[in-house]
Number of protein chains: 2
Amino acid sequence: MLNFSFHNTTKIHFGEGQISAISKEIPKDARVLMVYGGGSIKSNGVYDQVVEALTNHTWFEFSGIEPNPNYDTLMKAQAIIEAENIDYLLAVGGGSVVDGVKFISAAAKFEGEDPWDIVAKGAPVKAAISIGAVLTLPATGSESNNGSVVTRDGNKLPFGSPLVRPQFAVLDPKVTLSLSERQVANGVVDAFVHIMEQYLTYDVNGKVQDRFSEGLLLTLIEEGPKALASETKDDLEVRANIMWSATMALNGLIGAGVPQDWATHMIGHELTASHGIDHARTLSIVLPAVMKVRREQKRGKLVQYAERVWNITEGSDDLKIDAAIAATENFFKQMQVPTRISDEGIEQSYIDTWVNALETHGMTKLGERGEVTLEVSKQILETAY
Amino acid sequence: MLNFSFHNTTKIHFGEGQISAISKEIPKDARVLMVYGGGSIKSNGVYDQVVEALTNHTWFEFSGIEPNPNYDTLMKAQAIIEAENIDYLLAVGGGSVVDGVKFISAAAKFEGEDPWDIVAKGAPVKAAISIGAVLTLPATGSESNNGSVVTRDGNKLPFGSPLVRPQFAVLDPKVTLSLSERQVANGVVDAFVHIMEQYLTYDVNGKVQDRFSEGLLLTLIEEGPKALASETKDDLEVRANIMWSATMALNGLIGAGVPQDWATHMIGHELTASHGIDHARTLSIVLPAVMKVRREQKRGKLVQYAERVWNITEGSDDLKIDAAIAATENFFKQMQVPTRISDEGIEQSYIDTWVNALETHGMTKLGERGEVTLEVSKQILETAY
């Protein structure tokens, strides 16, 4: 196991009816800005529950955060923050809303000239407005981690700071019942690949981390398809297991003390930035190709993954790996997400564009050992076509 | 899955050499009281490392915390806290030292007449001195949870408060190399039973919690015996996996959203209080009897435990359960701890004494459903004889 420091201060309130907990989690004298996306929280009852919980608070609202939250949209929130002296941000939505609120929070307190520097140049976040979150879409883990991804002019880039980690997060599986099948599928696949990015690297004998990762993968493999099947899609227990898995997938725990990859994410971001492909659907396209191209470097873990997650215990190591990659692709297909770039109807000639974008964004040494050069990324994209 | 709230604010610094991290974790202007047990930290180098890390702090020391920390000993620390205006407590030791420091912390700020009321009467902890911990014995999980067990005049009783949760904990597996075999064995068994208390109840379809628990149990089953075997006992990776498992076993995570038992602990406490049996060795004596006496109520989980933890997949459910209980007892024997009261040379007539003590301590409805009455506890003790 590698040395590590782990600290996750987010308080979780999990279960049906927990939205009411926000009334006691946000300081009574706070001036709250509720931030959300489109109107879905108004039709599924979440907005009303939040308004009810904020009865004794002074609050305002800002909406219109889009998937892959956009810098220009996020900066529009600064006017109301300044005008109304906002000192608490309540994100109500999925990962995009939470990520967006994290940028709004850091930008509001940024002392440099251009808050985009936080993302583009890694300018330090020295202060931020406190954040709480009501999660409506289990997927990104953003509700209890310190990371965020923001998009500007076709550049989709990450930043992170402990100061933007939500102080609390409400996870009510019931609010996920109104999600579309596509949203549910994307969420499950996103969480699945988050786990793989922290698991499928090289062995450092981190037995707890490996088994926790495998436990989460098994849970998503069992429960994901149930959330799409007509007879089980409304089962709250299924939704609860998916929701808790997605949070645990990226709250820092399973990645503490082990190597991490993230090449699939960084390559996938370019597909979203140029063609607007849903984040999760870029991951289901790129991950199988990473498994194939990095097969030798990931050999030990691929065999462990085959045996422990897919129960593939017969045959040679190579046969096990083949079967595990096939099983992963089948799972993605079962979740109704693409596994090839060509599935999205994009021409192969864009591969060069994406490789150039990776170079522009400094993504020239990806992966757990920094060995995924632009050349290797190109090979991954070609394999994924 | 049951509704839950989960919040664990302890920052973990894990790995060799991490003791130096305490210099930046404790505020520079703090007046620190280092609290430890006997002299072992002076002979194994931990004391020197802590002193080195505290070079730029004002610090004092208080030693002599015994296993099953005693109220009278703990209250002696109050004099130095008052005299030296102590505002930070640094626990350096195993679970007993950390538990003891938690009581010292709460007692120092207690406004009632007798701090023992915190334990005996559940008097609320409204303030406490900040705590940090350097763990030397992986076992209790106290380094990152809010619980403590204190002993006075043969009464061994628990209390808890988020205010006594350590702000940080240093887990350096290397410092565990100097532990005696008995200490290592006790630690592994203690952690193992902590997991079982949160796992072996009834099914609420908490898939993540179940799999995390199983992952920890498997890790302890694999690594525990290695920490006793001459060829592997100095393997730092073995020690690291045990140390991280023990912390995760009782930091609140695997028990969030699932029923919890704790009958084994409460019954075991009486054996320690009356005969001074090591805590872990009371657990290895009581748990198998709980499994046998509560077999029907725990049937579903016993079968799952047999299949997933011990890989017992053949035969009827009853045969699986029999085999799983036997495997558990064998594991304890492999860890060189007793599995019967008679192993400790105690007369059977004490069973009535313990049952009376349980009654005195209000432990009349134990277990995940409150069904372990004094009658059932007696049956468990008779089975454990």
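Because the structure is predicted, anything quoted here is derived from the model rather than measured. Basis for what follows: all heavy atoms, side chains included, without hydrogens, waters or symmetry-related copies. Convention: sequence-line order gives letters A, B, ...; per-chain numbering from 1.
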B:Lys207 vs A:Ser245, side-chain contact (heavy atoms from CB on, under 4.5 Å): CA-CA, chis, key distance, verdict
CA-CA 9 Å; B:Lys207 293 200 168 190; A:Ser245 295; over 6 Å; no
Side chain from CB out, backbone as N, CA, C, O: work out which of these in A:Ser144 comes under 4.5 Å of a heavy atom of chain B, or both, or neither.
neither
Just wondering, more than 12 heavy atoms not from A:Glu222 lying within 6.0 Å of its CD?
yes
Do A:Ser5 and B:Gln18 come close enough that some side-chain heavy atom pair is under 4.5 Å?
yes
Might you confirm whether atom NZ of B:Lys301 has over 12 heavy atoms from other residues, nucleotides or ligands at distances under 6.0 Å?
yes
Which of the residues B:Thr9, B:Leu236, B:Asn205 is involved in the greatest number of heavy-atom pairs with chain A at under 4.5 angstrom?
B:Asn205
Taken to the nearest 0.5 Å, the spacing of A:Arg239 CZ from B:Met1 CE works out to 13.5 Å
Could you check which of A:Phe168, A:Phe6, A:Phe4 has the highest count of heavy-atom pairs closer than 4.5 Å to chain B?
A:Phe4
Within 6.0 angstrom of B:Lys126 NZ, more than 12 heavy atoms from elsewhere:
no
What's the spacing between B:His7 NE2 and A:His13 NE2 if we round to 0.5 Å?
8.5 Å
Approximate separation, where rounding is to 0.5 Å, of A:Asn241 CG and B:Asp210 CG:
9.0 Å
Below 6.0 angstrom between ring centroids: does that apply to A:Phe212 and B:Trp244?
no
Heavy atoms from other residues, nucleotides or ligands near CD of B:Glu52 exceed 12 (cutoff 6.0 Å):
no
Taking NZ in A:Lys320 as the centre, count heavy atoms belonging to other residues, nucleotides or ligands within less than 6.0 Å. Is the count above 12?
yes
Choice from B:Val170, B:Val208, B:Asp172, B:Asn3 maximising heavy atom contacts with chain A below 4.5 Å:
B:Asn3
Examine whether an atom of A:Asn8 lies under 4.5 Å from a heavy atom of chain B, and if so say whether it belongs to the side chain, the backbone or both; otherwise answer neither.
backbone
To the nearest 0.5 Å, tell me how far B:Glu214 CD sits from A:Arg211 CZ.
11.0 Å
Please state whether the side chain, the backbone, both or neither of A:Leu171 comes within less than 4.5 Å of a heavy atom of chain B.
neither
Winner by heavy-atom pair count (cut-off under 4.5 Å) against chain A, out of B:Leu216, B:Leu2, B:Thr10, B:Val238:
B:Leu216
Can you tell me which portion of B:Leu253 sits under 4.5 Å from chain A's heavy atoms? Options are side chain, backbone, both or neither.
side chain
